[in-house]
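Quick note: numbers below take in every heavy atom, side chains included, and nothing from hydrogens, waters or symmetry partners.
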2 protein chains.
Amino acid sequence: MTRTPIDEPAERQLLRDAGLRVTGVRLAVLRALGEHQHSTADTVVRAVRDELGTVSVQAVYDSLHALTDADLLRRMEPAGHPARYERRVGDNHHHIVCRACGAVADVDCTVGHAPCLLPSDDHGFTVDLAEVTFWGLCPRCRG
Amino acid sequence: MTRTPIDEPAERQLLRDAGLRVTGVRLAVLRALGEHQHSTADTVVRAVRDELGTVSVQAVYDSLHALTDADLLRRMEPAGHPARYERRVGDNHHHIVCRACGAVADVDCTVGHAPCLLPSDDHGFTVDLAEVTFWGLCPRCRG
DNA sequence: CGTCAAGACTGGAATGATTCCAGAGAACGA
DNA sequence: TCGTTCTCTGGAATCATTCCAGTCTTGACG
């Protein structure tokens with residue numbers, strides 16, 4: 001069930017523009033997350049191996065970090081769950097997490113732009129981001 | 001530097017009212033978190049041992065879970081950091097986390113009551129809580 | 001005030017996600 | 001094409017947390 005690696009000019013360009021080297025693992029990671037938003041590192045590893053064959057876990061973690069640092073990916077980490085990655089970046093949208101199955105869905109920013117909220121008392125902190133996580137049950141688990 | 005265990009009628013009552021047995025570890029955990037809000041399990045273990053002598057890590061985790069389940073404690077877990085516990089419960093306040101040192105401070109609910117925000121599109125989820133985490137730099141680390 | 005069953009605690013091993021490390025391999029500017 | 005720099009490999013290590021089986025406590029009841 002190995003897919004043929006497809007040349008993705010758009011994604012190659014994305015990497016180059018970010019000043020990153022173009023490698024098979026990075027392209028495969030981008031593609032995997034394009035197909036399944038909010039995947040865990042583990043899921044990405046499986047998808048990348050499905051496409052490229054043998055790839056070390058570390059290579060995938062390295063790519064996830066490089067891409068996240070370059071703002072090509074966003075990392076989110078719901079309490080009690082492994083980190084998840086997504087390609088929707090630059091808009092500080094938020095997330096709903098299912099308490100039962102851990103499913104994650106996107107939610108547009110509730111109020112204005114990022115940081116879309118300001119703390120009532122910032123205790124002297126310099127705030128640069130407001131992260132909102134909604135918790136509940138997804139349609140499936142509610143049944 | 002072992003402190004003498006002090007009888008804390010208020011905290012004994014708290015446990016009893018919650019239907020929990022009163023044990024030394026639980027009282028010590030409550031006291032530790034009364035003195036240092038937003039402590040990690042590890043910090044609580046040290047504080048409890050400082051008060052009671054030998055106590056297993058597991059006993060502290062068990063207590064933290066029991067107290068959290070009974071709503072005597074609240075657990076929060078900033079991405080990339082171990083979980084932290086606090087005694088301020090029942091008001092769904094929020095938190096500011098320092099990106100540099102991990103320090104946490106409380107922030108009152110920005111808008112109305114808990115859940116203080118409603119998602120613009122809930123994707124069919126039943127939302128029961130909105131958790132807001134502000135990220136930035138604390139006064140100390142900004143310097 | 002003693003009994004005893006449910007619940008809590010001990011200590012050691014296991015788990016899961018992630019990171020560290022040293023060496024081999026690949027990307028790309030010159 | 002070459003060499004430098006960055007990336008990938010594979011295996012071990014780390015950290016927070018949980019699992020497990022056996023022992024000890026708490027507190028309801030007699």
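As rounded to whole Å, 16 Å separates atom P of C:dG7 from atom CG of B:L67. Straight-line distance from the CG atom of A:D42 to the P atom of C:dT18: 9 Å, rounded to whole Å. If you take CZ of A:R84 and P of C:dA17, they are 11 Å apart, rounded to a whole angstrom.
At the heavy-atom level, A:A66 lies nowhere under 4.0 Å from the strands shown. Counting non-hydrogen atoms under 4.0 angstrom, B:T40 reaches nothing in the nucleic acid.
Here the side chains of A:R84 and A:H95 are not in contact, with every heavy-atom distance at 4.5 Å or above. A 4.5 Å side-chain heavy-atom check between A:L15 and A:L67 finds at least one atom pair inside the cut-off. Side chains of B:L129 and A:R99 form a contact here, defined as non-hydrogen atoms less than 4.5 Å apart.
Remark: the B:H38 side chain and the B:D106 side chain contain an N/O donor-acceptor pair separated by less than 3.5 Å.
Tested against A:E11 for a salt bridge (charged side-chain N to carboxylate O under 4.0 Å, His left out), the candidates A:R16, A:R26, A:R87 yield a single pass: A:R87.
Of the two residues near DNA chain D, B:P82 and A:D62, the one whose nearest nucleotide lies more 5' is A:D62.
With respect to B:D108 and B:R88, a salt bridge is recorded, a charged nitrogen being found less than 4.0 Å from a carboxylate O.
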Task: B/S/- contact track for nucleotides 18-30 of chain D, protein heavy atom under 4.0 Å - done: BB-----BBS---
